[in-house]
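Note sheet for the following structure.
The structure displayed is predicted, hence computed values, not measured ones. Below, read A as the first sequence line, B as the second, and so on, with proteins coming before strands; counting in each chain starts at 1.
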Number of protein chains: 2
Amino acid sequence: SKPLIKNFSSSSRTRDAFSPLDTFPRRHNGSSDSDVKKMLDIIGIKNMEELASKTVPANILSKRSLVLEEGLTENELLKTLKNIAAKNKIYKTYIGMGYTDTIVPPVILRNILESPGWYTQYTPYQPEISQGRLESLLNFQTMVTDLTGMDIANSSLLDEGTAAAEAMLIAYSAGKQKQHTFFVDEKCHPQTIACLQTRAECFKIKVIIGNALEYNFDQHGKDLFGVLAQYPATDGTINDYTELANKIHSIGGQMICATDLLALTLLTPPGEWGADIAIGNSQRFGVPLGYGGPHAAFFACKKQHVRRIPGRLVGVSRDVSGNKAYRLSLQTREQHIRREKATSNICTAQALLANMAAMYGVYHGPEGVKNIAKRIHDFTNTLAAEIKSHGYTIKSDLFFDTLNVHIEGGSDKILEKALKVGINFRKVDDFTIGITLDETVTKNDLENLIRVFAKDSSYVPNLVDVKKSNIPNQFLRTSPFMQHQVFNSYHSETEMLRYIYHLQSKDLSLAHSMISLGSCTMKLNATTEMIPVTWPEFSNIHPFAPIDQAEGYKIIIRDLEHDLAEITGFDGISLQPNSGAQGEYAGLRVIGAYHKSRGNEKRDVCLIPDSAHGTNPASAAMSGMSVLNVKCNNGVLDIKDLEEKAKKYKDRLAAFMVTYPSTFGVFEDGVVEACEIIHNYGGQVYMDGANMNAQIGLCKPAEIGADVCHLNLHKTFCIPHGGGGPGVGPIGVKSHLVPFLPGHPIIKTSGDNGIGPVSAAPFGSPNILPISWTYIKLMGSEGLKSATYHALLNANYMARRLSEHYKILYTNKNGMCAHEFIVDVRPFAISADIHAIDIAKRLQDYGFHSPTMSWPVTNTLMIEPTESESKVELDRFCDAMISIREEIREVELGKQPKGDNILTNSPHTIQTLVKPTWDKAYTREQAAFPVKSLRERKFWPTVGRLNDTYGDINLICTCPPMKDYSDLD
Amino acid sequence: SKPLIKNFSSSSRTRDAFSPLDTFPRRHNGSSDSDVKKMLDIIGIKNMEELASKTVPANILSKRSLVLEEGLTENELLKTLKNIAAKNKIYKTYIGMGYTDTIVPPVILRNILESPGWYTQYTPYQPEISQGRLESLLNFQTMVTDLTGMDIANSSLLDEGTAAAEAMLIAYSAGKQKQHTFFVDEKCHPQTIACLQTRAECFKIKVIIGNALEYNFDQHGKDLFGVLAQYPATDGTINDYTELANKIHSIGGQMICATDLLALTLLTPPGEWGADIAIGNSQRFGVPLGYGGPHAAFFACKKQHVRRIPGRLVGVSRDVSGNKAYRLSLQTREQHIRREKATSNICTAQALLANMAAMYGVYHGPEGVKNIAKRIHDFTNTLAAEIKSHGYTIKSDLFFDTLNVHIEGGSDKILEKALKVGINFRKVDDFTIGITLDETVTKNDLENLIRVFAKDSSYVPNLVDVKKSNIPNQFLRTSPFMQHQVFNSYHSETEMLRYIYHLQSKDLSLAHSMISLGSCTMKLNATTEMIPVTWPEFSNIHPFAPIDQAEGYKIIIRDLEHDLAEITGFDGISLQPNSGAQGEYAGLRVIGAYHKSRGNEKRDVCLIPDSAHGTNPASAAMSGMSVLNVKCNNGVLDIKDLEEKAKKYKDRLAAFMVTYPSTFGVFEDGVVEACEIIHNYGGQVYMDGANMNAQIGLCKPAEIGADVCHLNLHKTFCIPHGGGGPGVGPIGVKSHLVPFLPGHPIIKTSGDNGIGPVSAAPFGSPNILPISWTYIKLMGSEGLKSATYHALLNANYMARRLSEHYKILYTNKNGMCAHEFIVDVRPFAISADIHAIDIAKRLQDYGFHSPTMSWPVTNTLMIEPTESESKVELDRFCDAMISIREEIREVELGKQPKGDNILTNSPHTIQTLVKPTWDKAYTREQAAFPVKSLRERKFWPTVGRLNDTYGDINLICTCPPMKDYSDLD
Ligand SMILES: Cc1ncc(COP(=O)(O)O)c(C=O)c1O
Ligand SMILES: Cc1ncc(COP(=O)(O)O)c(C=O)c1O
Ligand SMILES: O=C([O-])O
């Protein structure tokens with residue numbers, strides 16, 4: 001008998017007797033065929049096709065099936081990909097420019113980067129079940145704060161280039177957006193300058209590039225709001241910016257410093273010479289190069305900017321019992337709230353990579369990192385002397401790890417000579433090359449380098465000793481750093497391993513139970529998808545390596561662009577944006593460029609439904625657009641309101657941003673009409689692709705009417721969320737927009753009319769692209785469609801089960817939701833003084849992560865199960881929700897008092913439950929094990945409910961002092 | 001300033017300014033230089049040299065330092081090793097013979113084989129903190145029991161060859177060792193036959209090899225105690241052994257069947273046609289080939305043999321609260337107890353690999369494995385037809401996955417032709433080749449195979465359909481298997497991942513806290529050591545592949561032999577033994593062969609101190625020796641007693657087995673003298689190397705006087721214990737014994753006088769040899785010595801701290817212990833009715849694994865910290881022990897009743913602690929958090945104390961039925 005094609009009864013795929021057995025879709029999708037049948041029965045639907053036809057409006061269903069390669073087995077995939085990976089050539093690379101090779105401590109590699117316990121976590125919005133990564137991110141903040149000499153640091157930004165742009169905008173805001181001139185020192189990395197220029201364009205900011213140490217700032221009167229200088233500079237030089245900082249301050253501007261954490265172990269930190277903001281890349285702290293990303297950028301600043309810091313900020317607070325507990329603080333700063341006033345839209349950042357960098361700090365400690373820095377510097381110094389001895393000129397004697405060498409005969413000759421022996425230098429200009437050393441460099445490497453400069457090919461270097469530092473005292477750091485015990489305790493591998501495991505044990509991840517966060521698509525991140533990420537062929541390439549060394553990546557990028565285009569129906573794809581929000585920004589900028597190219601600069605109005613994700617208006621604002629809300633009635637876009645506003649602003653209409661299926665979890669009927677209206681009035685349609693998981697194989701954004709759409713590879717395409725990043729937010733565009741896709745100053749990525757780069761690296765975060773590539777190649781067209789079916793089925797099944805106990809908000813005319821749905825818990829506020837947060841926290845006692853809370857509707861829960869969850873797990877979750885409903889009833893009936901009941905007191909920690917006295921209206925066992933299965937399997941929160949107010953008032957964003965560790969007792 | 005050489009103040013290593021910073025010893029050893037200083041101070045000793053001189057007798061301290069290559073950094077090491085690995089050539093291999101390629105499900109690879117949470121566990125002797133792997137091993141037993149159709153199965157043996165030998169000896173014992181003839185069917189794998197012959201030699205067993213289906217068994221009257229036949233046979237044929245089994249039973253013998261789990265999904269299982277015992281290799285259930293090992297062999301039998309089963313047996317029992325709980329059952333069967341009556345010495349087995357195989361079963365389920373088997377069989381059938389169509393003869397039409405093809409022109413021609421296209425066949429004889437297919441074979445592979453047989457080199461195979469099974473009904477399995485829910489629930493990757501994580505969460509491993517098991521050396525298993533294990537270059541080689549395809553392995557093996565010889569002072573090393581116990585057996589057999597070669601066959605007495613590990617007398621017994629105990633007085637070997645016995649048996653004296661430092665944890669002064677005595681009386685000295693961790697770099701077994709010594713690479717040389725294996729127990733021997741090292745029938749491993757193989761694979765378990773190789777190469781001579789210093793220091797430091805609260809048994813004349821020491825808790829039996837087990841269980845409440853309990857002295861605890869633990873961890877453990885001493889005092893003082901106190905009720909589970917009523921003389925909080933740090937970090941036992949008697953009386957060794965899962969409530 002032919003092997004069954006599991007999990008996709010409606011498959012049309014022809015299989016022969018030689019076809020492999022273990023197809024991937026049945027591993028990716030959670031439920032078996034027989035469970036699918038049961039679920040369909042409960043919903044009262046015959047098969048998947050009927051499900052789709054009742055869920056998706058007929059006018060948008062794709063006419064033709066996806067045409068992608070047939071799905072490979074995992075075994076075939078890994079072999080195929082290994083061959084592609086082998087096309088990348090790993091040279092010894094000294095290009096620098098903010099990216100250097102590094103040694104990933106193996107214990108961190110295996111137990112963080114390769115561990116689902118770390119990579120499948122969501123952003124720690126539920127602090128009680130996230131204390132591990134919150135602690136680790138706090139370590140990151142502490143390390144950055146210490147090294148930069150600043151007051152406070154956030155828990156990562158997307159890359160150094162955008163961090164510089166964010167800093168510029170903070171300075172801009174600090175000046176109340178009334179000053180408009182920003183100065184950038186010419187010795188910043190070119191990609192940093194380019195990112196910053198991209199970002200400045202839509203604000204009324206004039207960016208001047210020049211020599212900051214010689215420039216006459218007075219010519220701008222009081223219009224200068226800030227200066228960016230790099231320390232050490234892109235040419236390797238160390239400059240004294242003290243006077244510069246004083247000068248800038250005197251004219252009311254902010255001094256921003258782009259810097260290098262490793263250099264700061266030796267050099268006076270920016271915070272000590274007057275910088276107000278310090279930014280940079282923490283990649284060299286044990287995060288692989290990965291052809292440009294993902295890496296964690298950092299952002300640190302002085303106290304006065306604290307409430308302007310973009311991105312996430314971990315703070316120290318207290319739980320209800322007064323125990324120390326970490327949480328994300330000052331959420332009020334976030335773009336969710338600021339919406340159209342935003343200067344930043346950052347959401348997904350680089351948590352996983354920040355954790356790696358922090359752990360690198362923990363592993364090496366202050367002495368360790370300083371010794372690494374010293375060694376690199378001494379080696380650089382030694383190399384400089386040797387190169388000089390061969391008759392070359394080193395352009396400056398004041399450097400940390402980078403030399404600029406003047407090449408009399410022209411750079412190309414020496415670059416070629418180096419290439420022949422597998423070495424990459426930076427070509428600074430026709431007569432200058434750059435050499436940046438890193439911690440991987442050995443004596444042998446130094447000798448190979450010297451041989452490149454020796455005129456006599458038989459020259460044998462004879463290195464007897466290193467040439468010690470010649471950095472003048474004025475630059476030398478005297479202040480201590482990383483004194484906290486966390487950086488001084490775990491230096492053996494055993495201690496380090498246990499620390500990593502200990503933190504991990506506090507955090508709920510997909511390795512425990514479903515994370516049904518609506519709009520987040522927390523699906524399986526399969527091992528086969530993750531394995532290639534840490535292959536050296538993908539890890540060890542510099543983003544600016546000659547492109548013929550990255551043939552493997554080229555294939556991945558080309559394939560992915562092709563397949564995503566097929567899936568979305570678009571004509572062009574840019575993989576550059578590093579997150580969904582960045583995709584939005586890129587897409588809107590592309591729209592802006594398009595209008596401009598047609599002489600429609602005045603088109604600046606962006607229509608956005610009032611239910612939209614906060615990043616939408618924020619991105620629009622950052623793109624220089626004026627945001628206008630469109631009404632939604634009862635979960636349905638008000639087409640009349642849309643049309644009226646489109647008409648009213650027809651000359652200024654730039655774009656309409658729409659999430660589809662809607663943020664209310666429904667495939668709206670009116671979407672095609674809405675797109676037509678916008679097009680009729682000369683606008684462009686931007687689709688927010690956060691909900692793409694409901695569409696693949698059924699319909700396509702481009703066919704629906706979108707001109708641009710971003711995808712979240714970290715949602716729909718299996719890149720794990722990493723506890724708050726990495727992400728990839730590519731955009732797809734129709735042909736008329738292709739010419740405007742983002743460019744890059746160093747590696748060509750677009751046509752000649754491309755907007756500037758939105759990311760520091762040409763292809764964003766290539767190291768994780770193999771994940772999505774693998775997913776698509778494993779699934780094939782039919783597999784991808786089956787995943788969509790399962791996603792829709794799971795949501796509708798849960799909605800059906802829960803509808804007997806809760807009110808489900810919004811379904812379509814057939815009573816169907818899309819891949820997610822909203823549970824209304826507002827009635828309990830009145831009946832029992834119970835709110836969404838109480839249910840969210842009580843779910844922790846049941847071993848679950850809460851669904852999305854209070855978005856897009858306040859005091860509701862939005863549930864997105866994804867296709868990867870099994871019926872068993874869906875039932876377990878539904879059972880928990882139903883049990884909680886009964887618990888609420890106890891309060892409604894007065895059996896438990898309002899305000900002091902099993903819900904409001906949740907989550908319950910072991911510590912609370914073993915206290916000697918117990919005076920609650922419920923038992924300890926009810927608190928701990930409300931359903932039987934929890935006795936066998938339960939994840940425990942490690943702290944009680946957080947006190948948010950306490951944390952925001954007493955803001956502490958670095959590791960608490962030792963005494964705070966001892967008052968637990 | 002020069003970088004500090006951390007953690008080894010007494011280093012004489014010269015380092016220059018170019019030396020790498022991050023040397024491995026400081027990651028491997030737990031404590032920093034400053035902590036070392038503190039510990040030395042507390043012991044009252046100046047430095048490591050003084051520590052050594054006060055601990056190790058002067059007459060055995062080595063005169064010269066180790067001469068090994070200087071330690072590499074982890075980064076250098078991985079590069080070097082990758083180059084070596086690349087010398088292995090990965091061919092598509094159809095050799096079969098019990099080893100086939102397999103697809104390791106990536107989720108199992110990453111989350112079990114590559115996870116410290118699984119690989120660093122110890123054997124689950126402490127069931128309350130081992131329920132995860134106990135469940136998984138029970139799954140293994142259930143799967144094996146089901147597939148073989150037997151009543152009971154154990155949780156793994158070392159390999160198929162030794163499993164066959166174990167089975168023979170069970171049959172031998174079943175016949176009360178009164179029958180002496182054993183018949184082996186000639187169609188068993190040659191290495192199985194060879195292992196069995198080796199094992200038979202020292203028992204009075206006559207092994208006859210012949211055609212079991214034709215043999216006249218009556219000629220042996222009632223002397224035949226058993227028959228071994230293979231099903232399917234080594235030539236691929238499937239034979240009906242029903243009548244054979246009946247015949248054997250009728251003459252009072254046992255029918256033993258070597259079999260293949262995958263084939264049994266299709267074929268009538270041995271249990272249904274009359275086999276009494278079934279053994280085999282579970283490798284093809286998702287365990288990499290690894291050039292021969294490690295893999296888990298299985299052993300299953302009928303009820304009547306249950307108390308004879310060798311190795312570990314997981315059983316289902318109850319905890320004190322009556323909850324279902326797993327444990328190792330029938331420990332009374334073990335060689336510890338039987339000592340000199342033993343027919344088996346197995347201890348360390350293959351738990352990690354059994355877990356992988358079990359998880360493969362869980363992942364695929366019964367349908368999945370059956371489909372895999374069907375496909376392989378159909379492919380084999382298809383191939384047979386194609387080969388025939390090219391004019392070849394297939395020797396039998398009745399096969400599962402293996403064809404024997406007659407090659408008219410001689411095998412070599414076709415073997416060579418195959419080699420040219422990267423294919424390995426088995427050379428059965430000069431005119432026969434064997435081809436065994438496996439689950440990795442694709443249509444493309446089939447076509448490549450067919451092309452080898454096509455006479456026309458341009459032949460293009462055209463496979464349109466598979467040729468379906470032609471196995472006659474009489475052979476087809478009709479009974480169901482793997483019906484238990486565990487094999488029918490976790491088929492999506494998400495479910496599988498969570499199941500693995502869930503089990504892992506129940507088990508304490510080195511990722512949590514120290515496992516201070518005396519004599520077990522639970523040191524760091526560093527990531528860098530583990531990474532190469534799963535490199536395909538090491539994983540994907542067949543043990544009988546042409547040796548020029550294994551050049552990489554050859555280097556590893558040669559290096560390791562060299563380095564271990566240097567470390568121990570021996571002249572020859574055999575890496576073949578798969579465990580310490582097997583090393584003992586091999587070593588004693590080598591001694592026996594030596595005596596025999598000199599005409600001293602009568603030398604058969606083995607002197608063994610009465611404190612010896614149970615494996616020592618068991619190994620001696622299995623080697624045909626008579627065991628004579630030597631007394632120990634107060635922890636010191638009674639030299640007079642030794643001399644008297646040596647003298648008395650001078651003509652029969654074969655060997656003296658001694659553990660050094662002694663099992664009491666002391667470097668005895670008399671060891672050199674003892675060795676001399678033995679030599680004077682013509683005996684050989686066998687050193688049990690379990691305690692080698694105390695010696696490296698300070699002294700050498702060969703210099704002390706040993707002629708043979710086994711090493712435990714899974715103790716001293718960093719192979720992780722894997723929850724009860726794998727292990728490697730190589731032996732080192734002096735030059736006069738080198739000719740007798742173990743041989744192998746297929747790959748040459750020894751000289752012409754070698755004893756037969758003790759393992760099925762020529763080099764035992766090569767896949768894990770890179771671990772020890774890496775350890776040695778990372779540490780270098782000085783690093784290894786530093787580890788020994790740290791190990792001695794840690795033990796002496798703890799002994800010193802604990803000596804103020806407990807009596808420490810046995811130290812040398814300077815008051816020093818070796819690398820471990822014994823805490824005497826016997827006084828508390830009288831003062832408080834508290835026993836070692838109560839302390840062991842109470843330590844679980846403190847988050848610790850118990851030290852070794854009641855061995856070598858009843859009612860004591862033997863603590864071995866190893867060098868990898870930090871002072872912080874040692875202190876944490878000491879604090880726990882001290883706190884427990886105070887808890888005992890409460891009982892002594894009558895504040896808590898005897899028999900119902902915080903110790904006797906331990907360990908405390910969360911379930912117990914949240915019960916509504918509490919009537920103990922201590923609080924819930926005291927039970928849960930006796931020391932403050934537990935509130936931040938605590939590992940929780942998941943069941944209460946086990947009821948051992950219940951489990952042994954109600955023996956259940958397969959997964960309990962569903963109703964047992966539901967009575968928890
Ligand atoms: C609808 C929607 N748009 C945009 C975003 C922002 O995406 P990212 O976090 O990748 O920047 C999200 C994130 O959850 C979202 O749900
Ligand atoms: C002294 C001693 N000898 C022999 C052995 C047996 O070693 P293995 O478990 O590797 O067979 C042990 C195991 O702990 C031991 O401690
Ligand atoms: O298995 C042991 O005896 O350690």
Report the option among V872(B), T942(B), L463(B) that has the most heavy-atom pairs separated by less than 4.5 Å from atoms of chain A.
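Heavy-atom pair counts peak at L463(B).
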
Contact winner vs chain A - Q131(B), K443(B), H512(B), H502(B), heavy-atom pairs under 4.5 Å:
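Option with the top pair count is H502(B).
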
Whether R110(A) side chain and P116(B) backbone form a donor-acceptor pair below 3.5 Å
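No; zero donor-acceptor contacts below 3.5 Å.
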
Say whether, by atom type as modelled, one donor and one acceptor occur between the side chain of R935(B) and the main chain of Q911(A) under 3.5 angstrom.
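Absent.
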
Just verifying a value: how many Å separate [X] [atom1] and [Y] [atom2], rounded to the nearest 0.5 Å?
| X | Y | atom1 | atom2 | value |
| --- | --- | --- | --- | --- |
| S513(B) | R498(A) | OG | CZ | 6.0 Å |
| L497(A) | L510(B) | CG | CG | 8.0 Å |
| N29(B) | H491(A) | CG | NE2 | 15.5 Å |
| S505(B) | F939(A) | OG | CZ | 10.0 Å |
| L913(B) | I910(A) | CG | CD1 | 9.0 Å |
| E493(A) | R26(B) | CD | CZ | 12.5 Å |

At a 4.5 Å cut-off on heavy atoms, which part of [X] comes close to chain B: side chain, backbone, both, or neither?
| X | answer |
| --- | --- |
| D378(A) | neither |
| Q926(A) | neither |
| R937(A) | both |
| M530(A) | both |
| T534(A) | side chain |
| W940(A) | side chain |
| I500(A) | neither |
| T923(A) | neither |
| V464(A) | backbone |
| D465(A) | both |

Specify the closest pair of heavy atoms between [X] and [Y], including all atoms of both residues, with the distance to one decimal.
| X | Y | answer |
| --- | --- | --- |
| V914(A) | E925(B) | O-CG, 3.3 Å |
| R924(B) | K915(A) | CD-O, 4.4 Å |
| R375(B) | S19(A) | NH1-O, 2.6 Å |
| H364(B) | D22(A) | CE1-OD2, 3.2 Å |

Between [options], which residue shows the highest count of heavy-atom pairs closer than 4.5 Å to chain B?
| options | result |
| --- | --- |
| G368(A), S933(A), S868(A) | S868(A) |
| Y501(A), W918(A), F929(A) | Y501(A) |
| G117(A), S489(A), A927(A) | G117(A) |

Answer whether the closest heavy-atom distance between the side chains of [X] and [Y] falls below 4.5 Å.
| X | Y | answer |
| --- | --- | --- |
| E74(B) | P106(A) | yes |
| H28(A) | S492(B) | no |
| N111(A) | T527(B) | yes |

On the ring face of Y363(B), is R27(A) found with NZ or CZ under 6.0 Å from the centre and within 45° of the axis?
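Because its charged atom sits under 6.0 Å from the ring centre and within 45° of the axis, R27(A) does stack over Y363(B).
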
Would you kindly say whether E869(B) and T494(A) are connected by a side-chain donor-acceptor distance under 3.5 Å?
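E869(B) vs T494(A): no donor-acceptor pair found between side chains.
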
Which word best sums up how the rings of F18(B) and F379(A) line up, parallel for under 30°, tilted for 30 to 60°, or perpendicular for over 60°?
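Answer is tilted, since the angle falls between 30° and 60°.
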
N-O pairing of E495(A) and K871(B) below 4.0 Å:
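Salt bridge absent between E495(A) and K871(B).
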
According to ring pair (Phe, Tyr, Trp, His ring centres under 6.0 Å), who are the partners of Y119(A), at least two apart in sequence or on a separate chain?
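In terms of ring pair (Phe, Tyr, Trp, His ring centres under 6.0 Å), with neighbours along the sequence ignored, Y119(A) is linked to no residue.
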
Would you please name every residue forming a ring pair (Phe, Tyr, Trp, His ring centres under 6.0 Å) with Y499(B), sequence neighbours left out?
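For Y499(B), the residues satisfying ring pair (Phe, Tyr, Trp, His ring centres under 6.0 Å) (neighbours in sequence not counted) are Y490(B).
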
Given a strict heavy-atom distance threshold of 4.5 Å, which part of I103(B) is in contact with chain A: side chain, backbone, both, or neither?
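It is the side chain, since no backbone atom gets that close.
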
As a quick check of understanding, evaluate salt bridge (Lys or Arg N to Asp or Glu O under 4.0 Å) for K324(B) and E936(A), giving each step before the final call.
CA-CA 11 Å; K324(B) 171 173 67 67; E936(A) 166 63 16; 5.2 Å; no

